[in-house]
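The structure appears right after this line, and notes come after that.
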Protein chains: 2
Amino acid sequence: MMTKREKNTQQPPLSGPATLADIARLAGVSPVTVSRAINTPKLVKPRTLEAIERVIAKTGYVPNLLAGGLASRRTRLIAAIVPSVASTIFAETIEGLNAELVSAGYQLLLGLSGYDLNRELELTRAILARRPDGIILTGITHMKETRAMLTGAGLPIVEIWDSTPSPLDTAVGFSHYDVGALVAEYLLAKGHERYAQIGANDPRARQRRDGFVSRLAGITTVEIPAIEMNSPSTFQDGREALGQLLDRGGGSLAVFGSSDVVAHGALTEAIARGCRVPEDVAIVGFGDFDFAPHTYPPLTTVRIDRRMIGTQAARSILRKISGEDVASMVEVDFEIVRRGSA
Amino acid sequence: MMTKREKNTQQPPLSGPATLADIARLAGVSPVTVSRAINTPKLVKPRTLEAIERVIAKTGYVPNLLAGGLASRRTRLIAAIVPSVASTIFAETIEGLNAELVSAGYQLLLGLSGYDLNRELELTRAILARRPDGIILTGITHMKETRAMLTGAGLPIVEIWDSTPSPLDTAVGFSHYDVGALVAEYLLAKGHERYAQIGANDPRARQRRDGFVSRLAGITTVEIPAIEMNSPSTFQDGREALGQLLDRGGGSLAVFGSSDVVAHGALTEAIARGCRVPEDVAIVGFGDFDFAPHTYPPLTTVRIDRRMIGTQAARSILRKISGEDVASMVEVDFEIVRRGSA
DNA sequence: CGCTAAAATGAAAGCGCTTTCATTTCCGGA
DNA sequence: TCCGGAAATGAAAGCGCTTTCATTTTAGCG
């Protein structure tokens with residue numbers, strides 16, 4: 001009792017926000033007990049716990065996770081690097097990821113690489129400096145410095161949005177090559193005279209192109225033009241690319257766009273030129289974006305559960321963190337959604 | 001020399017990642033000097049600096065920002081809470097924000113509130129625990145606990161996407177009420193027999209509705225129906241809402257949708273029912289999303305520079321951090337983009 | 001050359017927690 | 001009533017940096 005009173009009496013004016021020690025003093029216990037009350041309440045006697053909680057509520061104490069993380073070597077932070085968040089494609093992945101992380105008590109540190117591997121490297125460095133408990137990267141293409149830094153850091157890694165037999169650590173995604181091949185088959189079945197691919201130049205878009213072209217190469221004797229543009233490809237890109245293809249003349253045309261956005265542009269150009277869709281020009285997109293069912297005609301496209309990629313990535317990394325076994329490659333489904341454009 | 005050798009000799013096997021002290025030992029200087037080499041290189045003699053940098057490069061040392069932040073009380077972290085990132089509207093703001101922050105050496109900690117103020121409160125607590133150098137919130141409506149926690153934390157705050165004479169600290173945005181009023185005026189000039197508003201129920205959407213309705217109330221004698229739905233409002237919501245309005249019968253209809261998505265739905269329903277747009281049904285959206293120019297007919301809408309809101313928010317908060325004066329309210333422009341739908 | 005101010009470096013303390021490990025308190029059974 | 005083990009609490013050290021403040025070096029100048 002004596003001790004407690006003394007302590008309360010000599011209590012300084014609390015410069016700055018309250019600390020764990022302040023709470024301990026006010027509650028008449030030691031700092032360790034407050035720490036336990038917060039992190040492992042079961043280890044604290046109910047009476048004590050209640051007293052501490054009262055003090056915390058009264059003071060509005062917010063624990064300092066920097067200090068906590070430094071001491072415990074666990075930050076409850078998960079970092080994710082995606083190319084962009086404005087281009088829709090990754091936004092839902094982020095949402096899924098975030099939802100899953102938050103419900104497990106983790107927080108998301110977001111990095112935007114803009115499809116630039118150098119920036120990815122810089123981001124990785126900056127992120128590792130915060131000692132996240134895990135990191136999520138988009139794609140399987142990274143600079144060797146990035147790979148080195150990452151593996152050297154010894155934390156769980158999840159690569160998303162692509163499929164690979166040899167991930168850095170774990171991966172969640174699908175084969176873009178197979179997507180391209182599937183679209184090729186789909187269009188082949190429709191029987192067109194010309195085939196073409198238009199789209200972005202990031203590694204995954206290229207894989208889709210390759211899959212598409214390879215599948216076709218064995219069948220058609222005609223050259224398969226591919227028009228490439230910077231990621232992310234835009235509506236305007238699509239219009240222009242289709243214009244070019246149409247200007248070359250020739251028979252009925254089947255086009256695989258590397259995203260719904262670029263496909264929508266192509267579709268619009270086709271309609272504007274009076275082509276019949278899908279008879280004269282057939283178009284398949286990628287992503288099944290929100291607007292895809294509402295274009296004219298509705299866009300046939302490849303659907304991926306973008307949110308699920310985030311969810312699965314979160315689960316993989318959380319399991320990794322808790323030391324459980326995790327499949328090194330989680331395959332995510334895709335399917336062609338058949339609508340009016342092809 | 002003797003000292004240096006000894007130190008190198010007794011060097012332990014470096015359990016775990018290298019620390020500042022390790023670098024210091026290897027470079028034959030004290031930890032402080034390494035710290036300075038990293039943070040304020042000008043204070044270090046070129047020769048020494050070079051030696052330290054060599055060691056850093058060789059070891060792949062990544063500073064621990066938790067420790068740094070704890071000691072310096074600056075984390076170079078900025079947190080932002082937005083309702084969602086998948087609904088396009090805030091995604092570009094995040095991109096703008098992030099770009100500006102990164103180039104100033106800061107990192108973004110993202111929180112997604114899902115239009116839920118309780119979640120905003122929880123996020124705020126979790127975020128403050130990481131001691132960010134500043135925090136950015138969406139909107140000016142917060143729970144009182146959130147406000148208390150925020151002001152108590154004594155860090156720079158920027159509220160975005162709304163306008164207010166009394167921000168918590170600083171704000172960047174525009175008056176949604178004025179947007180509604182402007183749209184009302186725009187549609188009034190076209191002369192329709194009925195007016196209606198359809199849209200979400202978040203505070204900002206409501207303000208737009210209020211502005212729209214109030215502006216109209218003085219002019220038209222007819223009741224102005226408002227159909228409300230949960231945020232974010234969807235394409236389907238728009239179709240159904242317009243269907244309801246059309247079912248009521250009556251003369252030519254002018255509708256303000258609370259987002260381009262819901263407006264697009266309404267537009268689609270109007271066309272599907274064979275209405276002439278914009279003669280029978282006129283529709284104005286909000287946001288000028290990517291697809292707006294490409295709907296049929298193209299969507300007349302309200303354009304906001306969403307990215308700029310992020311950029312300005314970043315600037316405000318960075319200035320605040322460096323102690324400069326900052327306007328407590330930064331107004332962002334909006335304008336009606338006239339297309340085919342109204 | 002010697003002196004002084006500026007430049008460069010270092011020693012020590014401490015940021016606010018968590019982690020052992022040790023100690024005290026509690027409780028049921030003999 | 002006393003004892004042993006479990007439950008509850010505490011003491012001390014330390015996580016990896018930065019911040020004073022003190023000390024040493026360097027350079028400029030009469």
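Keep in mind it's a predicted model, so treat the numbers as computed, not measured.
Separating the CG atom of B:Leu43 from the P atom of D:dT20 is a distance of 13 Å, rounded to the nearest angstrom. For the pair A:Arg131 CZ and D:dC15 P, the computed distance is 14 Å after rounding to whole Å. Atom-to-atom, CG of B:Leu65 to P of D:dC17 comes out at 9 Å; the value is rounded to the nearest Å. Atom P of nucleotide C:dT9 and atom CD1 of B:Ile23 are separated by 17 Å, given to the nearest angstrom. B:Arg74 places its CZ atom 14 Å from the C1' atom of C:dC15, with the value rounded to the nearest Å. For the pair A:Arg25 CZ and D:dG10 P, the computed distance is 14 Å after rounding to whole Å. Atom CZ in A:Arg130 sits roughly 22 Å away from atom P in D:dC15 (whole-Å rounding). When the P atom of D:dA8 is taken as reference, atom CD of A:Glu50 falls 15 Å away, rounded to whole Å.
Side-chain N/O atoms of A:Asn39 include one lying less than 4.0 angstrom from OP1 or OP2 on C:dT18. Residue B:Tyr61 has no polar side-chain atom (N or O) positioned under 4.0 Å from OP1 or OP2 of D:dG16. At the phosphate of D:dG16, OP1 or OP2 sits under 4.0 Å from a side-chain N or O atom of A:Arg73. Close to C:dT9, at under 4.0 Å from its OP1 or OP2, lies a side-chain N or O of B:Thr48.
Side-chain proximity of B:Ser72 to the nucleotides C:dT9, D:dT18, C:dC15 is greatest for D:dT18. Listed nucleotides C:dC17, C:dG16, D:dA11 differ in distance to A:Leu70; the shortest reach to its side chain belongs to C:dG16. Checking D:dC17, C:dG10, C:dC17 against every side-chain atom of B:Ser30, the shortest atom distance belongs to C:dG10. Closest contact between the side chain of B:Lys45 and the listed nucleotides D:dA8, C:dT9, D:dG10 involves C:dT9. Of the candidate nucleotides C:dT18, C:dG10, D:dT19, C:dT18 has the atom nearest to the side chain of A:Ser35.
The one candidate from A:Val158, A:Leu150, A:Leu109, A:Ile317 that meets the side-chain contact (heavy atoms from CB on, under 4.5 Å) condition with A:Ile135 is A:Leu150.
No donor-acceptor distance shorter than 3.5 angstrom exists from the side chain of A:Arg306 to the backbone of A:Gly96, with no hydrogens or angles considered. Between the A:Thr124 side chain and the A:Thr146 main chain, no donor and acceptor come within less than 3.5 Å of each other.
With the nearest nucleotide of DNA chain C identified for both B:Ala71 and B:Val44, B:Val44 has the one nearer the 5' end. Both B:Ala67 and A:Ile38 sit near DNA chain C, but only B:Ala67 has its closest nucleotide nearer the 5' end. Judged by closest nucleotide on DNA chain D, B:Gly68 is the one of B:Arg36 and B:Gly68 placed further toward the 5' end.
Salt-bridge check for B:Glu50 with B:Arg54: passed, with a basic side-chain N closer than 4.0 Å to an acidic carboxylate O.
A heavy-atom distance below 4.5 Å is not found between the side chains of B:Pro83 and B:Asp202.
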